Participant: 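Dumping the structure here so I can ask a few things about it.
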There are 2 protein chains.
Amino acid sequence: MPESVDDLLDALRAAGGRVTAPRRAVVGALVDAKGHVTAEELTALVRDKHPDVAESTVYRILDELERLELVVHVHLGHGPASYHLAQTPHAHLVCTTCNRVVEIPIARFARLTRQLETDHGFVPDYAHFAIVGRCEACREPARRPRRQPR
Amino acid sequence: MPESVDDLLDALRAAGGRVTAPRRAVVGALVDAKGHVTAEELTALVRDKHPDVAESTVYRILDELERLELVVHVHLGHGPASYHLAQTPHAHLVCTTCNRVVEIPIARFARLTRQLETDHGFVPDYAHFAIVGRCEACREPARRPRRQPR
DNA sequence: TTCGATGCAAATAGTTTGCATTCTA
DNA sequence: TAGAATGCAAACTATTTGCATCGAA
């Protein structure tokens, strides 16, 4: 599973693609971010050094990286999709109040998965759409919910 | 749990609202539809009889009905949200290939819910965001996936 | 020197909002 | 007849696309 900037750029090249300044910058930002970033956030990171990279270019680079299965995107609820490097697949718990995201191993869902498959022939894809709900801090009546801007 | 057109209109009136032709039509269409409908689908249904009801009006009526907890909306994946009358809360399994939706009782998730709460203090809200995956028919290698237009 | 990648602008989908007008209560 | 609800157009957010230009190989 390639995770360094050079590995990722090599993979792009190996797929017949070209290594350009925007691609270097997007891949670099993605590796540095080490987590979930939206296309908009990624564009902002890239523009620190390369102010005129277009957001559509960032989308296109992300699409290409996804096609090569180097990057994955998740829908964390309302709002834009988040992208991250393709690691071992994991599910996302998203708090609808504070927007915090917790990653949890798919293995935790083994029982439910078995049940859904047995009862409904349905194989869930936990990695691509989050499970939304409320986290501990935001349910605590005592503590104030730590609401975060979107 | 009010589910007849008159009950719903009464509830709107009781909340200080007014009963208008668009409201009658939207509530009627929602009751007739007996399932998940998008705002666009609902608008089309309403326009059979009342051709100049604006889609923004449908959204506003749906918002008001949700505020009164008479209607609920679900995000079934990509694409528009779906609305339905507020019945006993249920989760939605959505096939990413054929877009078919299966409703299943939240009770099925009891174990997972307990686990997520114990391990992460997280209380999932299965009713508001679907669980996506692939249904039996679409995984069958023999049968052709029955892909449906969006 | 070719053709893949980019920047820019415009298109798209889904939803929301501002405002003048309509119509219920 | 007050003010809630509506229609219409425009704004908005997230994303995609067309096209002329640029630049990596």
Side-chain angles (χ1 to χ4, degrees), chain A residues 8-27 29 36-44 46-47 49-68 71 73-83 99 128-130 149-150, chain B residues 8-27 29 36-44 46-47 49-68 71 73-83 99 128-130 149-150:
Chain A
L8 292 162
L9 294 178
D10 284 349
L12 280 172
R13 219 177 331 240
R18 292 171 184 182
V19 173
T20 62
R23 288 182 164 202
R24 247 183 272 273
V26 166
V27 166
H36 309 96
V37 255
T38 66
E40 192 181 10
E41 287 163 353
L42 205 48
T43 304
V46 164
R47 284 184 178 162
K49 294 277 178 73
H50 302 79
D52 38 70
V53 171
E55 190 155 17
S56 59
T57 299
V58 174
Y59 275 107
R60 279 191 273 229
I61 294 171
L62 289 170
D63 284 354
E64 178 64 7
L65 291 170
E66 282 212 89
R67 221 180 49 77
L68 300 176
V71 159
H73 78 274
V74 209
H75 299 279
L76 297 179
H78 299 116
S82 290
Y83 295 79
N99 293 320
H128 190 49
F129 281 91
R150 245 250 153 253
Chain B
L8 292 162
L9 295 177
D10 284 349
L12 280 172
R13 223 180 324 245
R18 292 171 185 183
V19 173
T20 63
R23 287 183 165 203
R24 248 183 273 271
V26 166
V27 167
H36 310 96
V37 255
T38 65
E40 192 181 10
E41 288 163 351
L42 206 48
T43 305
V46 164
R47 283 185 180 162
K49 293 278 179 75
H50 302 78
D52 37 70
V53 170
E55 190 154 15
S56 59
T57 299
V58 173
Y59 275 107
R60 280 191 273 228
I61 294 171
L62 288 170
D63 284 354
E64 178 63 7
L65 290 169
E66 282 211 272
R67 222 182 46 78
L68 300 176
V71 159
H73 78 274
V74 210
H75 298 278
L76 296 179
H78 299 116
S82 290
Y83 294 80
N99 292 320
H128 191 48
F129 280 91
R150 246 245 156 260

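Chain letters run A, B, ... following the sequence lines, proteins first, then strands; residues in each count from 1. For clarity, every value in this text was computed on a predicted model and none was experimentally measured.
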Participant: Please report the distance, rounded to the nearest Å, between CG in D52(A) and P in dT6(C).
Facilitator: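 It works out to 12 Å between those atoms.
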
Participant: Between V53(A) and E40(B), which residue's closest nucleotide on DNA chain C lies nearer the 5′ terminus?
Facilitator: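 Here V53(A) is the residue nearer the 5' end.
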
Participant: Starting at CZ of R23(B) and ending at P of dT24(C), how long is that distance when rounded to a whole Å?
Facilitator: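 Value for this atom pair: 12 Å.
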
Participant: Which residues satisfy the side-chain hydrogen bond (donor to acceptor under 3.5 Å, both in side chains) test with E66(A), sequence neighbours excluded?
Facilitator: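 Partners of E66(A) by the side-chain hydrogen bond (donor to acceptor under 3.5 Å, both in side chains) criterion, ordered by chain and then number, come out as H73(A).
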
Participant: Any side-chain donor-acceptor pair under 3.5 Å between H78(B) and H75(A)?
Facilitator: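 A donor-acceptor contact under 3.5 Å links the two side chains.
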
Participant: Check the distance between dT15(D)'s C1' and H75(A)'s NE2 and give it to me in whole angstrom.
Facilitator: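 These atoms are roughly 11 Å apart.
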
Participant: Looking at every strand, decide which applies to A81(A) at a 4.0 Å heavy-atom threshold: base, sugar-phosphate, or nothing.
Facilitator: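 Sugar-phosphate, no base atom in range.
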
Participant: Output all residues satisfying side chain to side chain contact (heavy atoms under 4.5 Å, CB included) with T57(A), sequence neighbours left out; order by chain, then residue number.
Facilitator: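 Side chain to side chain contact (heavy atoms under 4.5 Å, CB included) list for T57(A), sorted by chain: P22(A), V53(A), A54(A), I61(A).
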
Participant: Within the structure, does a side-chain N or O atom of Y59(A) lie under 4.0 Å from either OP1 or OP2 of dT16(D)?
Facilitator: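 No, outside the criterion.
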
Participant: Listed by chain and number, what are the salt bridge (charged side-chain N to carboxylate O under 4.0 Å, His left out) partners of R18(A), not counting sequence neighbours?
Facilitator: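 For R18(A) there are no salt bridge (charged side-chain N to carboxylate O under 4.0 Å, His left out) partners, ignoring immediate neighbours.
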
Participant: Could you run through nucleotides 20-25 of chain D and give me one letter per nucleotide, 5' to 3': B if any protein heavy atom sits under 4.0 Å from the base, S if only the sugar-phosphate is that close, - if neither?
Facilitator: ---BBS

Participant: Atom CD of E55(A) to atom P of dT6(C): distance rounded to whole Å?
Facilitator: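 Rounding to the nearest Å, CD of E55(A) and P of dT6(C) are 14 Å apart.
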
Participant: To the nearest 0.5 Å, what is the distance between OH on Y59(A) and OG1 on T43(A)?
Facilitator: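 Nearest 0.5 Å value for the OH-OG1 distance: 7.5 Å.
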
Participant: Keeping to residues at least two apart or across chains, list the salt bridge (charged side-chain N to carboxylate O under 4.0 Å, His left out) pairs with something in residues 50-65 of chain A.
Facilitator: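 As it turns out, the salt bridge (charged side-chain N to carboxylate O under 4.0 Å, His left out) pairs with a partner in residues 50-65 of chain A, which skip direct neighbours, are E64(A)-R67(A).
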
Participant: For nucleotides 9-13 of chain C, print each protein N/O atom paired with a nucleotide N/O atom at under 3.5 Å, atom names and distance only.
Facilitator:
none

Participant: Can you name the nearest heavy-atom pair linking V19(B) to L9(B), along with the distance?
Facilitator: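 Answer, listing the atom of V19(B) first, then L9(B): CG2-O, 3.8 Å.
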
Participant: Would you mind reporting whether H128(A) and V74(A) have side-chain heavy atoms less than 4.5 Å apart?
Facilitator: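 In short, these two side chains do not touch, never coming nearer than 4.5 Å.
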
Participant: In whole Å, what is the span from the CG atom of L42(B) to the P atom of dT15(C)?
Facilitator: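 Spelled out: CG on L42(B) to P on dT15(C) is 12 Å.
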
Participant: Which whole-number value in Å describes the distance from E64(B) CD to dA5(D) C1'?
Facilitator: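 The answer, rounded to whole Å, is 10 Å.
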
Participant: Salt bridge (charged side-chain N to carboxylate O under 4.0 Å, His left out) with R13(A): which residues, sequence neighbours excluded?
Facilitator: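 Result, salt bridge (charged side-chain N to carboxylate O under 4.0 Å, His left out) vs R13(A): D10(A).
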
